[in-house]
Q: 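Quick one: this structure, given as structure tokens, is what I'll be asking you about.
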Amino acid sequence: SETAFAQWQLSESTFPGQGELALAERVVVLNNTRLRVAEGTVDADATLQLANGDWQASVVTAQVPIEQFTTQAEGLLSADVDAAGNLGAINLNQIQAGGTAAIANAQVRLPSTTEPLLEKGPWTTAFQWQGDRIAVNSFSAPGLQANGTIGVDFTQQIPIDRFNLDVALQSFDLAPLNSFAPPTIAEYAQVTGLTSFDGQLTGTLTNPQINGTTRLDNFALNDLLFEP
């Protein structure tokens with residue numbers, strides 16, 4: 001049977017890397033692939049069965065700075081993801097994938113505000129792709145735990161479809177939410193305090209539904225402090 005072997009290297013690249021590519025008995029193997037992203041690394045291995053088109057791949061990242069890809073978040077990403085499918089069905093519904101991920105010192109800011117939504121700290125998750133949704137087996141961030149499903153629809157401008165999440169929020173600081181208020185309201189009304197929530201978040205981004213128990217601590221509107 002046909003055999004071949006090659007080594008490759010990208011030294012003058014945004015993400016320098018190297019790896020090996022082999023062909024033996026109608027199986028293509030990608031081995032020892034490593035890309036360097038700033039001070040982090042991305043390692044990948046994959047196989048492709050030329051006889052039937054089946055493929056599988058694994059990707060492991062270590063300490064990859066996510067600010068390399070977005071201006072709205074920072075932190076160091078370490079992840080372990082496995083995926084499999086068939087070249088005859090290049091369709092997200094036919095791909096099987098899942099894994100775990102952790103972001104050290106994570107912080108996220110939305111475009112409309114410079115205030116971080118959550119306290120800086122570690123984010124961790126375990127997830128699985130289910131064809132048209134992501135099953136979030138677990139998610140944790142400072143003061144937040146969640147699990148459930150998030151639908152995905154790439155025909156939408158924001159590809160988040162229906163979601164069904166169990167959410168536990170502890171001592172969330174309300175002050176950053178002032179940045180989302182229209183200027184005419186923010187000028188006269190500022191909220192402060194902490195909120196905790198335990199319940200379900202379902203629906204869509206345009207029609208979210210919240211069902212659960214909420215607690216407010218030291219809640220105040222401007223200088224008016226509300227009793228618990």
Q: I would like to know whether Leu205 and Phe163 meet side-chain contact (heavy atoms from CB on, under 4.5 Å); could you show each step before the answer?
A: CA-CA 9 Å; Leu205 291 178; Phe163 46 80; 4.1 Å; yes

Q: Is Ile66 reachable from Val59 through a run of I, L, V, M, F, W or Y residues, each pair having side-chain heavy atoms under 4.5 Å apart?
A: yes

Q: Let me check something: do Leu118 and Leu76 share a hydrophobic cluster, defined by ILVMFWY side-chain heavy atoms less than 4.5 Å apart, either directly or through other members?
A: no

Q: Pick from Asn31, Leu30, Thr33: which one makes a side chain to side chain contact (heavy atoms under 4.5 Å, CB included) with Asp45?
A: Asn31

Q: Under 4.5 Å between any side-chain heavy atoms of Val28 and Thr47, yes or no?
A: no

Q: Looking at NZ of Lys120 and CD of Glu74, how far apart are the two atoms once the value is rounded to the nearest 0.5 Å?
A: 4.5 Å

Q: Students often mix this up, so state it plainly: with edges at 30° and 60°, are the rings of Phe15 and Phe69 parallel, tilted or perpendicular?
A: tilted

Q: Would Asp173 and Leu194 count as a side-chain contact (heavy atoms from CB on, under 4.5 Å) here? Give the steps.
A: CA-CA 5 Å; Asp173 187 359; Leu194 303 174; 4.2 Å; yes

Q: Sequence neighbours excluded, which residues qualify as side-chain hydrogen bond (donor to acceptor under 3.5 Å, both in side chains) partners of Gln63?
A: Ser78

Q: Side chains of Leu165 and Ile150: closer than 4.5 Å at any heavy-atom pair?
A: yes

Q: Measure from the side-chain N and O atoms of Gln49 to the backbone N and O of Ala51, and report whether any donor-acceptor pair falls under 3.5 Å.
A: no

Q: Could you state whether Ile103 and Val60 fall into the same hydrophobic cluster, counting links through intermediate Ile, Leu, Val, Met, Phe, Trp or Tyr residues with side-chain heavy atoms under 4.5 angstrom apart?
A: no

Q: One pair to check against side-chain contact (heavy atoms from CB on, under 4.5 Å): Trp55 and Leu87. What are the steps and the verdict?
A: CA-CA 7 Å; Trp55 62 268; Leu87 288 183; 4.1 Å; yes

Q: Check whether any side-chain N or O of Trp129 sits under 3.5 Å from a backbone N or O of Leu92 as a donor-acceptor pair, and report yes or no.
A: yes

Q: Output yes when a side-chain donor or acceptor of Thr149 lies under 3.5 Å from a complementary backbone atom of Ile134, and no otherwise.
A: no

Q: Do the non-hydrogen side-chain atoms of Val191 and Phe219 ever get within less than 4.5 Å of each other?
A: yes

Q: A side-chain contact here means heavy atoms from C-beta on lying under 4.5 Å apart; do Val42 and Val64 qualify?
A: yes

Q: Let me know which of Thr100, Val81, Asn137 forms a side chain to side chain contact (heavy atoms under 4.5 Å, CB included) with Phe127.
A: Val81

Q: Would you check if the side chain of Asn86 reaches a backbone N or O of Asn52 as a donor-acceptor pair within less than 3.5 Å?
A: yes

Q: Check whether any side-chain heavy atom of Ser196 lies under 4.5 Å from a side-chain heavy atom of Ser171, and answer yes or no.
A: yes

Q: Keeping Thr61 on the side-chain end and Ala79 on the backbone end, is there a donor-acceptor pair under 3.5 Å?
A: yes

Q: Verify side-chain contact (heavy atoms from CB on, under 4.5 Å) between Leu50 and Leu23, making sure each step is shown before the conclusion.
A: CA-CA 10 Å; Leu50 295 180; Leu23 169 63; 3.9 Å; yes

Q: Supply the members, apart from Val29, of the Ile/Leu/Val/Met/Phe/Trp/Tyr cluster built from side-chain contacts under 4.5 Å; use none for a lone residue.
A: Val27

Q: Got a sec, which residues hit side-chain hydrogen bond (donor to acceptor under 3.5 Å, both in side chains) with Asp153, two or more places apart in sequence or on another chain?
A: Thr155

Q: Gln209 versus Gln200: any side-chain heavy-atom pair under 4.5 Å?
A: no

Q: Determine the minimum heavy-atom distance between Pro65 and Ala38, stating which atoms define it.
A: CG-CB, 3.7 Å

Q: If the condition is side-chain hydrogen bond (donor to acceptor under 3.5 Å, both in side chains), which residues does Gln170 pass it with, not counting sequence neighbours?
A: Gln145

Q: Can you sort out the partners of Arg34 under salt bridge (charged side-chain N to carboxylate O under 4.0 Å, His left out), two or more places apart, ordered by chain and number?
A: Asp43

Q: Quick one: side-chain hydrogen bond (donor to acceptor under 3.5 Å, both in side chains) partners of Gln94, sequence neighbours excluded?
A: none

Q: Quick check for you: to the nearest 0.5 Å, what is the distance between Glu39 atom CD and Gln68 atom CD?
A: 9.5 Å

Q: Does one hydrophobic cluster hold both Ile210 and Val167, with members joined at side-chain heavy-atom distances below 4.5 Å?
A: yes

Q: More than 12 non-hydrogen atoms from neighbouring residues, nucleotides or ligands closer than 6.0 Å to CD on Gln9, yes or no?
A: yes

Q: Output yes when a side-chain donor or acceptor of Thr192 lies under 3.5 Å from a complementary backbone atom of Ala175, and no otherwise.
A: no

